[in-house]
Amino acid sequence: MLLTPLLPFPFISVPKNFPHLKSPSFFLIRSSSSSPMDTNPQPKKVAVCGGGVIGVCTAYFLSKNGASVTLIEQSSVACAASGKAGGFLALDWCDGGPVASLARASFNLHRSLAQELNGSESYGYRPLTTLSVSITESSSSSSNRTGPIPSWVDGPAKSPRTIGSTDSTAQVHPEMFTKRLLSKAMEDYGVELVIGKVERVEMAEGKTRGVVLEDGREIDAEAIVLAVGPWSKRFSILGSLFRVYGIKAHSIVLEPKEANRITPHALFLSYYPAQGGKPMDPEVYPRPTGEVYICGMSAQAEVPDDPEQITPVPESINTLKRVASSVSSHLVEGKATVKAEQACILPCSEDDVPIIGEVPGIEGCYVATGHSCWGILNGPATGAAMAELILDGRASIVDLSRFSPARFASAVKK
C-alpha cells in the first residue's frame, strides 16, 4: 500500500468567529489507495481539472460514490471566483428559465450539505432575509424608515421590498465552503490534490486516456472533467466547440467595528450616483464572520493566463466604498476595516446557459462551465449530476439535456 505524504492547504485567513478552523488537522489533506487484498472491482479513475467550486463539488460527489479521483488545480484551491464570490443562494430566482431545476436541486443540496458538514460553523451557511432597496447617493444620511429596512441601514434608503425569505434565500462563505468540501473528500473519500497546470488531454481512438501537465507529469484517467471556468478556451477541444467569455466583477470585504449591529439581511440595491446617470445594482451581504461583502461594477474582460493576475480597477473599488458609506454609517472607512479589495472573472456561455455534459465525439471527456454569477449556488447539483453521468451513464438529480455541450455541435457544422 502506497503512503502519500500529508500536504498543507493553500493559505486561507481564518475569521475570528471560526477559531476551530485554525486546527492544523482541518487543513491536512490525505490520499488513500485500496488495499491489495480487496476483491472488489477497481474504482473508476477520474481526473477533475479545476479547483473551484464546480470542480471540487464534482470531485466530492464522484469520490463519495466510489470513484478514484485526482483533482488538478493550477494555482490554489478557490483562488479565483470561488474564493471571491458573494456566496448568495436562492431557491427560486431562476424559475421560468432553463436553470430552474438545477438551481432548486442545488439549493436543497446546500441545505443537506450544511447539515452533514456543520456548515453553520465550518463555512458560514445560514438562511437570510433578502431585500430590494433604492438608495440615492447624497450628503444626507437620513432614511425614510418605511417598510422592512434594518436599523443598520441608516443611509438614504427608500422603497424597501422583501424579495427572499429565510426559506428561499441563504448564504455560504464560498472559499470556506469549497475548501471544507474538498477537505471532507480527501479525508474520507481519498481524493488526491495535485497542483499543476494541465497542458493537454491525452486521447486514443476517440477516448480519453488522461492528462499531461506542463511539467511533464502524466495522470492516467478513464474520464476527465474540465471544470476550469473562463479558462475553458485554453483547451482546443472546447474552444473549437463553444465560446466561454469572462465577466470581471469587483468586490470589497469590510469588517465593521460594531459587527453585532449588522443583521442577516442581504441587500440588492438600485443605487443612484450623486452625479446622475443610470442606476447601478450593487449587492451587500453581511456574513456571520462579522464581515460585510459588497460587490458590483461588472464588465466583460479578457481572461489572463494566471488567475493570480486578476486585479481590481481602483475606480470600481472606490465606487463600492461610496456605496458602502451610503448604505450604512457602520460601513464608512474608519468605522469599518477594509479586509479585501478584489476582482474575479465569472465564466459565461454564449447562450447564458451552463455547459454540463460529455464533449461530443470524445468518449470520457466531460465539461462543466459557464455558470456565470450562480456558480456557488449551482455547484453542488452540477457536481452531483456529473458524478451520476460519469458513473451511471445518466444524471437523475437534474436532466442535463438542456445543458449538454452537444447543443453547440450543430452550429459548428454549419
Side-chain angles (χ1 to χ4, degrees), residues 9-19 21-22 27 51-53 73 75-89 122-126 128 152 171-180 229-230 246-259 261-262 264 266-269 271 280-299 301 303-304 306-328 330-346 373 375-376:
F9 244 110
F11 176 76
I12 173 175
S13 60
V14 179
K16 58 187 178 183
N17 296 40
F18 292 77
L21 296 185
K22 294 181 180 180
F27 294 102
V53 69
E73 163 57 38
S75 183
S76 59
V77 174
C79 66
S82 297
K84 299 178 176 67
F88 180 76
L89 313 175
S122 63
Y123 54 80
Y125 175 88
R126 69 175 176 182
L128 286 172
W152 59 274
Q171 71 179 147
V172 297
H173 188 298
E175 181 182 12
M176 288 183 172
F177 168 71
T178 304
K179 291 188 173 182
R180 177 68 185 98
I247 295 291
K248 188 174 185 177
H250 292 77
S251 60
I252 58 175
V253 180
L254 306 177
E255 187 174 54
K257 292 181 178 179
E258 297 182 288
R261 301 282 297 275
I262 310 298
L267 307 178
F268 282 71
L269 305 179
Y271 185 83
M280 299 181 290
D281 53 359
E283 300 161 17
V284 181
Y285 306 141
R287 288 173 167 170
T289 58
E291 301 168 334
V292 178
Y293 174 96
I294 303 170
C295 65
M297 310 304 294
S298 303
V303 181
D306 186 345
E308 304 289 353
Q309 296 173 344
I310 301 171
T311 57
V313 177
E315 182 182 351
S316 296
I317 296 298
N318 291 335
T319 298
L320 291 177
K321 290 179 179 179
R322 293 201 310 272
V323 170
S325 61
S326 296
V327 168
S328 174
H330 297 283
L331 304 181
V332 176
E333 283 196 79
K335 292 188 177 181
T337 302
V338 179
K339 300 291 292 294
E341 301 175 356
Q342 58 195 13
C344 63
I345 295 183
L346 307 175
C373 62
I376 304 300

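Keep in mind the model is a prediction, meaning the values are calculated, not measured.
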From [X] atom [atom1] to [Y] atom [atom2], the distance as rounded to the nearest 0.5 Å:
X	Y	atom1	atom2	answer
Thr289	Met176	OG1	CE	6.5 Å
Leu320	Ser325	CG	OG	11.0 Å
Lys179	Ser122	NZ	OG	14.0 Å
His250	Cys295	NE2	SG	11.5 Å

With side chains defined as the heavy atoms from C-beta onward, is the minimum distance between [X] and [Y] less than 4.5 Å?
X	Y	answer
Pro288	Gln171	yes
Trp152	Pro256	no
Ile345	Pro304	yes
Pro282	Arg322	no
Val327	Tyr271	no
Glu315	Met297	no

Quiz item: Step by step, would you call Val292 with Val253 a side-chain contact (heavy atoms from CB on, under 4.5 Å)?
Solution: CA-CA 6 Å; Val292 178; Val253 180; over 6 Å; no
Closest approach of [X] to [Y] (non-hydrogen atoms, all atoms of both residues):
X	Y	answer
Ala343	Pro312	CB-CA, 3.8 Å
Val313	Lys248	CG2-NZ, 4.3 Å
Ala81	Leu346	CB-CD2, 4.1 Å
Gly375	Val53	O-CG1, 3.6 Å
Ala266	Leu128	CB-CD1, 3.9 Å
Ile376	Ser82	CD1-CA, 4.1 Å

Practice problem: Go through the steps for Ser76 and Glu308 under the test side-chain contact (heavy atoms from CB on, under 4.5 Å), then give the verdict. | Solution: CA-CA 9 Å; Ser76 59; Glu308 304 289 353; 3.8 Å; yes
Counting distance only, does the side-chain N/O of [X] pair as donor-acceptor with the main-chain N or O of [Y] below 3.5 Å?
X	Y	value
Lys84	Cys79	yes
Lys257	His330	no
His173	Arg287	no

Quiz item: Taking only residues two or more places apart in sequence, or in another chain, which ones meet Tyr285 in a side-chain hydrogen bond (donor to acceptor under 3.5 Å, both in side chains)?
Solution: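 Partners of Tyr285 under the side-chain hydrogen bond (donor to acceptor under 3.5 Å, both in side chains) test: Glu283.
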Practice problem: Apply the side-chain contact (heavy atoms from CB on, under 4.5 Å) test between Leu269 and each candidate in Val284, Ile294, Asp281; give the one that qualifies. | Solution: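 Filter result, single survivor: Val284.
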